[in-house]
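Some notes on the structure that comes next.
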Number of protein chains: 2
Amino acid sequence: MRSNQVTIKDIARELGISASTVSRALKDHPDISVETKKAVNELAKNLNYQPNAIALSLKHSKSFSIGVIIPETVHYFFSTVISGIEDIAYEAGYNVIICQSNELYSREKSNAHMLYSNRVDGLLVSLAKETTDFGHLRFFQDNNIPVVCFDRASEEILCDQVIIDDYTAAHRIVSYLIERGHQKLVHLAAPQHLSIGYYRQKGFRDALEKHGLPFDESQVIMADQFEKAIDAVEKLIQSGNIPDGIFAVNDLTALGAMKALKKHKLSIPNDVGVVGFGDGQNAQLTDPSLTTIDQNGYAMGKRAAEILLDRIKNGTANFDPQKYLIDTRLIVRESVR
Amino acid sequence: MRSNQVTIKDIARELGISASTVSRALKDHPDISVETKKAVNELAKNLNYQPNAIALSLKHSKSFSIGVIIPETVHYFFSTVISGIEDIAYEAGYNVIICQSNELYSREKSNAHMLYSNRVDGLLVSLAKETTDFGHLRFFQDNNIPVVCFDRASEEILCDQVIIDDYTAAHRIVSYLIERGHQKLVHLAAPQHLSIGYYRQKGFRDALEKHGLPFDESQVIMADQFEKAIDAVEKLIQSGNIPDGIFAVNDLTALGAMKALKKHKLSIPNDVGVVGFGDGQNAQLTDPSLTTIDQNGYAMGKRAAEILLDRIKNGTANFDPQKYLIDTRLIVRESVR
DNA sequence: ATCGAAATCGCAATCGTTTGCGGTAAACAT
DNA sequence: ATGTTTACCGCAAACGATTGCGATTTCGAT
């Protein structure tokens, strides 16, 4: 039961020297003779000595770990972001503590507290849909722990943001939809207090305007999940007011829309064109495959981690929060005429 | 730059009392007067005091965190496992450090070292495909840190295992395939040193035998990824030796097979029936949708975490490693006649 | 007036590691 | 013989919190 994990003291005792000497020997300090170093290093290897990172953290007030809070790992996009974060953190000798908020504000908050208790050196967060209060993030900032928001950011919290250019991307794919002959459009949207919700909707409206198409509020329908999309499109069909083009705020929502359309024997893309946003791996598997935007989650994760590590290194002194945009790509497939 | 994170000493200084008193007051120790407690708690709240988990870990030689090593979070299955793990850990006040091996032994090993350095109280691991040496896991056991393997386990490392009943599930779905009239079968298999690879293949063979079908080694083809499946099926088609049923070791492999079949205008399921394993969210989106096995990753994650926490609590004294089987479900869709 | 027992609280060690500073011994110079 | 340098190493404090034990005060009891 008692654990026999070997410490610096064990090595010191065995060799009849002091712990400080062992410590210095292990890190090749010039004060220590070569024989002592040799003895220490050999014994350390034999005993399988592994430094206790916890003691180091306490000593240095630095944990060499960063916290990540994301809505849900089950989304392909977020897991690619995680990979990007991990690769950068790993290179720099940091480890990553990942938490899921499950889109719940309460969980996001308690995750934040847990991460603070563990004294992460920095925080990467993608906001839950519910989140409208940011005290838990300001708390980090008040304690000089840098915070970087990615993907799901908000203007109400002042911190570095790494986001995709939602507006431009939305504008682009909606324009594409229009130019391919889809004119009577509907947008399945996310909550507008999230910047992704707002900017994608804005891109949608402006693309309509640019092409001289009229706009009515009824063309924006709040629905950002698979099931919700099914319901929303179902309602549209029932009402007889069927659009000939749908811009969904994300791929899963687009797939939901497609499912409802197929059920009513509406042809995609002939009767209705559908485009999504944020190319997961699903988009290429459907029939027809989905024209969408590649969000490049991996690049976003890398960039966010780089910025955070930079803030950790250089401090948040002359703090001047930046907004970094990640490039997107229009991926043309079969769901548009 | 200097962080102003408030400690117990700050409270003590402010109140003119000792750190020990503050500590005791905060945890309602009977030795402390109600007035002192009140003063301490109020000040702690005002100062936003949060206990330093690192100091606690060091003091108690217990970090209240568990490590998880998985091949890749991008797989739907693994992210559901993570959710299960997190839910249980969260309830018990543990936090979770997730690492990806990216199917690399070297990365798995260095992740393990990192987790040990951070003195996790337990380890949950799903082996990388490459892994055939288990020293990094034995190291944990030698230091009395419990290890539980899930999904990807090996007989060569003695620890608790939480796996699905691969054999039974494979036997079942292959039997289903045969009984629906597919007789000339091929199995796209995973490496045989992984138990999932071995048992799914075994289930395949035994199902053939049970139904009086002949078996030849050429019916088992090593291919366990989307791209590899495309290549493998492509080769089969080129050789003219086209099967009328394919049992893929996982869903993505099945989808790869389907893609190759479709490319050659072979009808699914009329010309070739296809079944997968481990229902991701993809399986229901394809056309035709894929008949497969639901692996129930969430349940697996919960179970694995429960077992680990139990081992942590009760120690690994009279160590008697168990093998726990998670129930699976045959999900009938459209890819079989 | 003296004693004993509560009631409160502080001292100091501890967890594992680092690090400034001081100490010792040998070797060299004067 | 005395002073100075060099090489090597240990002491002790520190990081933040906990905890056994002892110390002090107060108060009622005798």
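Order of the sequence lines sets the chain letters (A, B, ...), proteins ahead of strands, with each chain counted from 1.
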Check: So what is the end-to-end bend of the helix from dA1(C)-dT30(D) to dT30(C)-dA1(D), with 5 pairs used at each end and the value given to 10 degrees?
Finding: 80°
Note to self: Has His29(B) got a side-chain atom pairing as donor or acceptor with Asp31(B)'s backbone, closer than 3.5 angstrom?
What the structure shows: yes
Check: Nearest heavy-atom pair of Pro321(B) and Leu158(B): which atoms, and what distance?
Finding: CG-CG, 3.7 Å
Check: Hey, mind stepping through Glu155(A) and Lys323(A) against salt bridge (Lys or Arg N to Asp or Glu O under 4.0 Å) and telling me if it holds?
Finding: CA-CA 10 Å; Glu155(A) 302 299 334; Lys323(A) 190 183 281 193; 3.2 Å; yes
Checklist line | Verdict with supporting geometry, Ile312(B) and Lys62(B), side-chain contact (heavy atoms from CB on, under 4.5 Å) | finding: CA-CA 10 Å; Ile312(B) 290 173; Lys62(B) 182 145 176 41; 3.8 Å; yes
Next item on the list: Mind calculating the distance between NZ (Lys38(A)) and C1' (dC8(D)) to the nearest angstrom?
Entry: 18 Å
Next item on the list: Sequence neighbours left out, what pairs pass side chain to side chain donor-acceptor pair (under 3.5 Å) with at least one residue falling in residues 109-119 of chain B?
Entry: Gln5(A)-Arg119(B), Tyr90(A)-Ser110(B)
Checklist line | Residues forming a side-chain contact (heavy atoms from CB on, under 4.5 Å) with Ala25(A), sequence neighbours excluded | finding: Ile32(A), Lys37(A), Val40(A)
Checklist line | Partner residues of Glu156(A) under the side-chain contact (heavy atoms from CB on, under 4.5 Å) criterion, sequence neighbours left out | finding: Phe134(A), Ser154(A)
Note to self: Which residues pass the side-chain contact (heavy atoms from CB on, under 4.5 Å) test with Ser63(A), not counting sequence neighbours?
What the structure shows: Ser57(A), Ser65(A), Asp121(A), Ile54(B)
Next item on the list: Mind running a 4.0 Å heavy-atom check of residues 22-33 of chain B against DNA chain D and sending the residues that fall below it, in number order?
Entry: Ser23(B), Arg24(B), Lys27(B)
Next item on the list: Give the C-alpha distance, both sets of side-chain angles, the deciding distance and a yes or no for side-chain contact (heavy atoms from CB on, under 4.5 Å) between Leu56(B) and Phe64(B).
Entry: CA-CA 10 Å; Leu56(B) 289 175; Phe64(B) 274 102; over 6 Å; no
Note to self: Suppose the criterion is salt bridge (Lys or Arg N to Asp or Glu O under 4.0 Å): which pairs have a residue in residues 13-27 of chain A, not counting sequence neighbours?
What the structure shows: Asp10(A)-Arg13(A)
Item checked: Pairs flagged by side chain to side chain donor-acceptor pair (under 3.5 Å) wherever residues 46-55 of chain A is involved - sequence neighbours left out -> none
Check: Taking only side-chain nitrogens and oxygens of Ser18(A), does any of them come within less than 4.0 Å of OP1 or OP2 of dG10(D)?
Finding: yes
Check: Nearest-Å distance, CD (Gln5(B)) to C1' (dA17(D))?
Finding: 15 Å
Next item on the list: Name the first nucleotide and the last nucleotide along DNA chain C (5' to 3') that come under 4.0 Å of a heavy atom in chain B.
Entry: dT8(C) to dG16(C)
Notebook entry, point to check: Quick one: is Ser20(A) getting a side-chain N or O under 4.0 Å of the dA12(D) phosphate, OP1 or OP2?
Noted result: no
Note to self: Quick test of your reading: applying salt bridge (Lys or Arg N to Asp or Glu O under 4.0 Å), list the pairs with at least one residue in residues 81-98 of chain B, sequence neighbours left out, ordered by first then second residue.
What the structure shows: Arg107(A)-Asp87(B)
Margin query: So if I take residues 41-60 of chain A and measure heavy-atom distances to DNA chain C, which residues fall below 4.0 Å?
Written below: Tyr49(A), Pro51(A), Asn52(A), Ala55(A), Leu56(A), Lys59(A), His60(A)
Notebook entry, point to check: What residues form a side chain to side chain donor-acceptor pair (under 3.5 Å) with Tyr105(B), not counting sequence neighbours?
Noted result: Asp133(B)
